[in-house]
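Here the structure is laid out as structure tokens; the discussion comes afterwards.
As the structure is a prediction and not an experimental result, all values here were calculated from the model.
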Amino acid sequence: MLFSFLFCLFLIPISGQATYIPNYLYNNNQIQLAYYQQGVGVYVDKTSIVNEYYDPPYYKLAANIIYYDFNRNKELYIETSHYSYNTNTGAVCINSNLRGNRGPFYNNRNTANDKRELKLAKIIWKTIYHMNWKW
């Protein structure tokens, strides 16, 4: 009986390979990891950030977002996303060709997917204004 159990256990595939997800893609500190999901790292290219609209309390920033598949070891795609911020309400909205129009997102009031989107927006805000998104 023990032999049968061990034989069946041997048939179960077990992955012994861990995937290393670097905080910076290509060892470039300007391409920062925002989050990782299902084998894909989502990175912000900080060199691509532009200020499209500045009229406090309204701000609009754009940046290239890189999706890197670590299972296949290659870039899946790069897209330019636009982020609108409102410092009066704390709302962040996203306009993306890939992900569509999303939001508004607020700190501490989002689903897990929304929190990932907000991570991207916070990295972009901090890069351009040198302070954390606190609203």
Practice task
Take the angle between the ring planes of Y77 and Y67 and call it parallel below 30°, perpendicular above 60°, tilted in between.
Solution key: tilted
Practice task
If the plane angle is over 60° it's perpendicular, under 30° parallel, otherwise tilted; pick one for Y129 and Y54.
Solution key: tilted
Please report the interatomic distance [atom1]([X]) to [atom2]([Y]), rounded to the nearest 0.5 Å.
X: E117; Y: R102; atom1: CD; atom2: CZ; answer: 4.5 Å
X: L61; Y: E52; atom1: CG; atom2: CD; answer: 8.0 Å
X: L76; Y: I66; atom1: CG; atom2: CD1; answer: 11.5 Å
X: D55; Y: K60; atom1: CG; atom2: NZ; answer: 13.5 Å
X: I123; Y: L118; atom1: CD1; atom2: CG; answer: 10.5 Å
X: L25; Y: F70; atom1: CG; atom2: CZ; answer: 6.0 Å

To check you understand the geometry: which heavy-atom pair defines the closest contact between [X] and [Y], and what is its length?
X: A34; Y: K119; value: O-CD, 3.5 Å
X: P104; Y: A91; value: CB-CB, 3.8 Å
X: T87; Y: W125; value: CG2-CH2, 4.1 Å
X: N86; Y: T89; value: OD1-N, 3.2 Å

According to a 4.5 Å side-chain heavy-atom criterion applied to Ile, Leu, Val, Met, Phe, Trp and Tyr, with indirect links allowed, do [X] and [Y] form part of one hydrophobic cluster?
X: I124; Y: L33; value: no
X: L120; Y: L98; value: yes
X: Y59; Y: Y106; value: no
X: W135; Y: V92; value: yes

Problem - Residues that Y26 engages under side chain to side chain donor-acceptor pair (under 3.5 Å), provided they are two or more places apart - result: E75
Exercise for the section: Identify, with sequence neighbours excluded, every residue that meets side chain to side chain donor-acceptor pair (under 3.5 Å) alongside Y43. Expected result: none
Surrounding [atom1] of [X] (heavy atoms of other residues, nucleotides or ligands, distance under 6.0 Å), is the total greater than 12?
X: N27; atom1: CG; answer: no
X: Y58; atom1: OH; answer: no
X: N88; atom1: CG; answer: yes

Exercise for the section: Compare all side-chain heavy atoms of I31 with those of V44 and state whether any distance is below 4.5 angstrom. Expected result: no
Please list, chain by chain and in numerical order, all residues satisfying salt bridge (charged side-chain N to carboxylate O under 4.0 Å, His left out) with [X], sequence neighbours excluded.
X: D45; result: none
X: E79; result: R99
X: R116; result: none

Exercise for the section: Under 4.5 Å between side-chain heavy atoms, chaining through other members, with only Ile, Leu, Val, Met, Phe, Trp and Tyr counted: pull out the rest of the cluster around Y24, sorted by chain and number. Expected result: none
Would you find a donor on one side and an acceptor on the other, under 3.5 Å apart, between the side chain of [X] and the backbone of [Y]?
X: N28; Y: Q30; result: yes
X: S48; Y: N64; result: yes
X: Y68; Y: N73; result: yes
X: Y83; Y: A63; result: no

